[in-house]
Amino acid sequence: MIKNSKVKKEKIKQLNNNDVIEVVGAREHNLKNIDISIPKNKMVVFTGVSGSGKSSLAFDTLYNEGQRRYMESFSAYARQFMGDMERPDVDKISGLSPVISIEQKTTNKNPRSTVGTVTEVYDFLRLLYARIGEAFSYNTGKKMVKFSEEEIVNDIFQKQFNQKIIILAPIVRGRKGHYRELFEETRKKGFLKMRIDGEVQDIKPNMQLDRYKIHDIEIVIDRLQVTDAMKVRLSQSVQQALKIGKELVFILINDSQKLEQYSKQLVCADTGISYEEPSPNSFSFNSPYGACPRCKGLGQVYAIATDLLIPDLSLSIKKGGLVALGEERSASVFQQVVQFAKKHKISLDKPLSELPKEQLDLLLYGDGDANRTIEIDMDDETIPQTYTGSYEGIIPMLKRWFTSSGSTDFLRDWVQKFMELKSCSVCEGQRLRKESLWFKIDKKNITELGEKDLDKLFEWFVDIEKRLSDKQNAIAKDILKEIRERLQFLLNVGLTYLTLNRPTRTLSGGESQRIRLATQIGSQLQGITYILDEPSIGLHQRDNHRLIDALEHLRDIGNSVLVVEHDKDIMLASDYLIDIGPRAGKYGGAIVFAGTPEEALKVNTDTAKYLNGTKSIAIPEERRNGNGNFIEIKGAKGNNLKSLNVKFPLGKLIVVTGVSGSGKSTLINETLYPILSQYCYKSKTNPLEYKSVKGLENIDKVIEIDQSPIGRTPRSNPATYCGFFTDIRQLFAALPESKIRGYTAGRFSFNVKGGRCDVCEGGGMRVIEMNFLPDVYVPCEKCNGKRYNRETLEIRYKGKSISDVLNMTVDEAVEFFQAIPSLYRKIKTLQDVGLGYIHLGQSAVTLSGGEAQRVKLSTELAKKDTGKTFYILDEPTTGLHFSDIQHLLNVVNKLADRGNTVLIIEHNLDVIKVADHIIDLGPEGGGGGGEILFEGTPEAMLKIKKGFTAKYLKEEMVSK
């Protein structure tokens, strides 16, 4: 369907526009004026080496044009408030349906955002609990009851038939006061009697009670005998009592003390506490009606940590034992401590370890508050904004400084050094107010359901109707259908191990992308063009078929599914494959193949060679033996880990693998890395729970390379991000001509006044506002896009100005700076990870996901290793083509060959098979994982039958 010849446009015009998306003359970024027809209502995969132009075609051309057309559907008046989008650099796009992008970069960092809120499952759960949840008393645990007016009358009629009763409307319950005005107002309304503290009395003029005693007061609405003739009167009296008593009525039987309570609200018969009628907001931690009043629905609060305040008990107060107080000085705060210590006979010269606990507590908390857990609530109105007095205690003082509206950001940041996030003591981390947590369905509250793994939650909902009453089933029928459908979609994309309460900020890019994919499937839209960016990220081979099934379902209901992907299984499962290349950057941007996967296997492109097996990443002939030392962690219990004991052999390439959610990130990122970071750098990040660790003395440095994005502003570029642009500026400042003119390194920065162009302020481009048309970016007319003024550009090194250096490719810069070892080594690392084609000053916003990942990787790898460095890489193959993975492994192997330890968290079989040591976690995700299934070499792993990784690794290695 693609012809790279002079007649290709004529061929494309002959195609039926109803069947294809026609792209003519695409030139965005590095695209070489390409023309292509993409079949509609099919699953189409864009592939090619990283930086070849896949994202430029899929997102920067197709998606941006779809968004632009949507924006242009608004009126000119509306667009002036929203802004306009620039048209992609393309001659024509036809046949494009409404576009939805599902990218990997849009994870919500809001602490209130969870898997449940993003997928709307939690919204349906809130509705379910509001409609059929049963209330229980938080005091007694007994079920609470409520009645309608009709039910109250019928119950009284059945239980008290022929009995004489008094109908009472409660107006005061357990409150002090003389109530003189209340009695007078009630008498004027025509009521003659009231029941006061259990005794029925006549209302008299000027009547009043003891204002210092607690009273219960009810108005006597009616006195009658329950007979058939009195039923209408009974109903009217009950109605009036409910109105006056605010939906609560008491029935006194035979002038005795036997009292029956009825309420239209939920009431505990034993204690009298009542709940408001539940609404969906009652179960929302983002609403003041449902959120815990202490933590405001976050589940966590800041608390002063005494171990951070007193890191060394061997020091005295005068020697700085209380870090926040500092060493002895004339400051007023310290002098308050001196006076307070004299008063209570506390020694300031003794080590804190020798002071009695009572004296230490007095210093920390003062003598006015016995509470030893001080939590921080930014909205706490009881905290004084200023303090007057001699000594309030170190911890209350820090709390006041942290919460005071008059405190500076610097002061708050300083106080925060002595604080840690702790689970809220009121809701115990459950986020909701206590009343909401006592509404239950089948003995489970809404938070307990939110903590279940999604597969276990789905099982709970499968036959829930059997455990509900007929009334509940009638109400919940449609809600249960919606919940089950959405849960099924999440399971279909391999997210069985997540929970609804999992914060979205803790999700990987692939997980958040698959959640949005499941949400889109649930919407059941048709006629849409979906564009996905590597949805297989973070997915084990075992779960690939689930993702493929989900993508095919999206296609089968009438949508076009365009996927930017490197995964072999997804490529082979596609209906149409478009390979862009042949290489990256300016050497890419062309269509090297377009056709079915079957046709792709027969061609001679790089991608085809890896797909058909004629080319592959080689298995090393020998595995490294390591240096014989280990780091051993015992009793790791974080999240779903089952008290693991694990050894990490040093001097080897270690790969930690396992199905998604098996506990890899918990073990490495949240347990091992914080332990190593604390040891090497005194980091304050606390690891998850473990018993002991050995072998830390065998390393002296730890470097983590995770998936957090690099700075992506237009001014950010590889040279500034990697840090070597500072070296380049210093090199130019050291030139004789610069010294004569008095130029410093700051003169050569395009972010600082002085050397940059004054018109474009170092941006190189000017923005021309076009009112109702999109803004136009044009090269600055003064500096012609060179960013600097004429005087700065006159300084040259080897004939090149600072602007010329920024326009160099990495390959050119490696050769140019070969004589400067410190610069050469940093730039060479960019070349080593396969980024020789990018420009040093290339805007970060034009880098693909794979390129940005490798820029970050090269920054860390450029740092000098010691031979005892521990590197941790989290899925570094993200965004990498088969050939790019080979570049990555070349760099990683060089590090390991020098005696360093490289640990990679990875699902990619090409990386797993070259490891010296594999640690496989599983067997499932979530609660079904957290166990070590295997430790050893890839060859040894082929012999085991436990776990899914071994099965797929055997297929990969045996076939090669």
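What you see is a predicted model; the values in this text were computed from it and never measured. In what follows, every heavy atom counts, from backbone to side chain, and hydrogens, waters and symmetry copies are set aside.
For Glu791, the side-chain contact (heavy atoms from CB on, under 4.5 Å) partners at least two apart in sequence or on another chain are Arg741, Tyr743, Arg747, Asn789. Under the side-chain contact (heavy atoms from CB on, under 4.5 Å) criterion, Lys826 pairs with Phe724, Asp727, Ala862, not counting sequence neighbours. Partners of Phe750 under the ring pair (Phe, Tyr, Trp, His ring centres under 6.0 Å) rule, at least two apart in sequence or in another chain, are Phe725. Among residues two or more places apart in sequence or in another chain, the side-chain contact (heavy atoms from CB on, under 4.5 Å) test is passed with Asp569 by Gln541, Asn544, Ile548, Asp567. Remark: His839 pairs with no residue by the ring pair (Phe, Tyr, Trp, His ring centres under 6.0 Å) rule, at least two apart or across chains.
Under a cut-off of 6.0 angstrom, the local environment of CD in Glu815 is sparse, with at most 12 non-hydrogen atoms contributed by other residues, nucleotides or ligands. Within 6.0 Å of the NZ atom in Lys701, the count of heavy atoms belonging to other residues, nucleotides or ligands exceeds 12. Around atom NZ of Lys798, more than 12 heavy atoms belonging to other residues, nucleotides or ligands sit under 6.0 Å away.
The backbone N or O of Val90 lies less than 3.5 Å from no partner atom in the side chain of Glu28, so there is not a single donor-acceptor pair. Checked by atom type and distance alone, the side chain of Lys609 never pairs as donor or acceptor with a backbone atom of Leu601 at under 3.5 Å. For the pair Asn30 (side chain) and Gly51 (backbone), a donor-acceptor distance under 3.5 Å is present. Of the possible donor and acceptor atoms, one in the side chain of Thr720 sits under 3.5 Å from a partner among the backbone N and O of Asn717. The backbone N or O of Gly651 lies less than 3.5 Å from a partner atom in the side chain of Thr901, making a donor-acceptor pair. Within the 3.5 Å criterion, the main-chain N or O of Arg756 finds no donor-acceptor partner in the side chain of Arg787. Side chain of Ser749 to backbone of Ala745: no donor-acceptor contact under 3.5 angstrom is found. At distances below 3.5 Å, at least one donor-acceptor pair connects side-chain atoms of Asn900 with backbone N or O atoms of Gly867.
A donor atom on one side chain and an acceptor atom on the other are not found under 3.5 Å apart for His887 and Asp832. In this model, a donor atom of one side chain and an acceptor atom of the other lie less than 3.5 Å apart for Asn612 and Thr614. Counting only N and O atoms by type, the side chains of Glu565 and Ser536 include a donor and acceptor under 3.5 Å apart.
Listed here is the closest heavy atom pair of Val702 and Tyr681: O-OH, 2.8 Å. Between Ile838 and Pro718, the closest heavy-atom pair is CD1-CG, 3.8 Å. Between Thr829 and Ser858, the closest heavy-atom pair is CG2-O, 3.4 Å. Minimum heavy-atom separation, Ala813 to Leu840: CB-CD1, 3.7 Å. Pairing each heavy atom of Lys54 with each of Phe46, the nearest pair is CD-O, 3.8 Å. Pairing each heavy atom of Ser574 with each of Val45, the nearest pair is CB-CG2, 3.5 Å.
At a threshold of 4.0 Å, the pair Asp874-Lys664 does not count as salt-bridged, since none of the basic side-chain nitrogens sits closer than that to a carboxylate oxygen. Under the 4.0 Å criterion applied to side-chain N and carboxylate O atoms, Lys786 and Asp804 are not assigned as salt-bridge partners. Between Asp89 and Arg27, at least one side-chain N (NZ, or NE/NH1/NH2) sits under 4.0 Å from a carboxylate O, which counts as a salt bridge. Contact check on Arg68 versus Glu65 returns a salt bridge, with a Lys/Arg side-chain nitrogen under 4.0 Å from an Asp/Glu carboxylate oxygen.
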(Q) For Asp916 and Arg624: C-alpha separation, side-chain torsions, deciding distance, then whether salt bridge (charged side-chain N to carboxylate O under 4.0 Å, His left out) applies. (A) CA-CA 6 Å; Asp916 302 314; Arg624 296 178 188 85; 2.8 Å; yes
Only pairs under 3.5 Å count here: list side-chain donor-acceptor contacts from residues 577-594, not counting sequence neighbours, and write none if there are none.
{"unit_1": "Asp579", "atom_1": "OD1", "unit_2": "Thr607", "atom_2": "OG1", "d": "3.3"}
{"unit_1": "Asp579", "atom_1": "OD2", "unit_2": "Thr605", "atom_2": "OG1", "d": "3.4"}
{"unit_1": "Asp579", "atom_1": "OD2", "unit_2": "Thr607", "atom_2": "OG1", "d": "3.0"}

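Put simply, OG1 on Thr949 and CG on Leu953 are 8.0 Å apart, with the number rounded to the nearest 0.5 Å. Of the inter-residue distances, the one linking Ser660 atom OG with Ile537 atom CD1 reads 12.0 Å to the nearest 0.5 angstrom.
Of the candidates Ile885, Asp910, Asp884, Ile885 is the only one forming a side-chain contact (heavy atoms from CB on, under 4.5 Å) with Thr877.
Note on ring orientation: taking the six-membered ring where Trp is involved, the planes of Phe648 and Phe870 are perpendicular (angle over 60°, cut-offs 30° and 60°).
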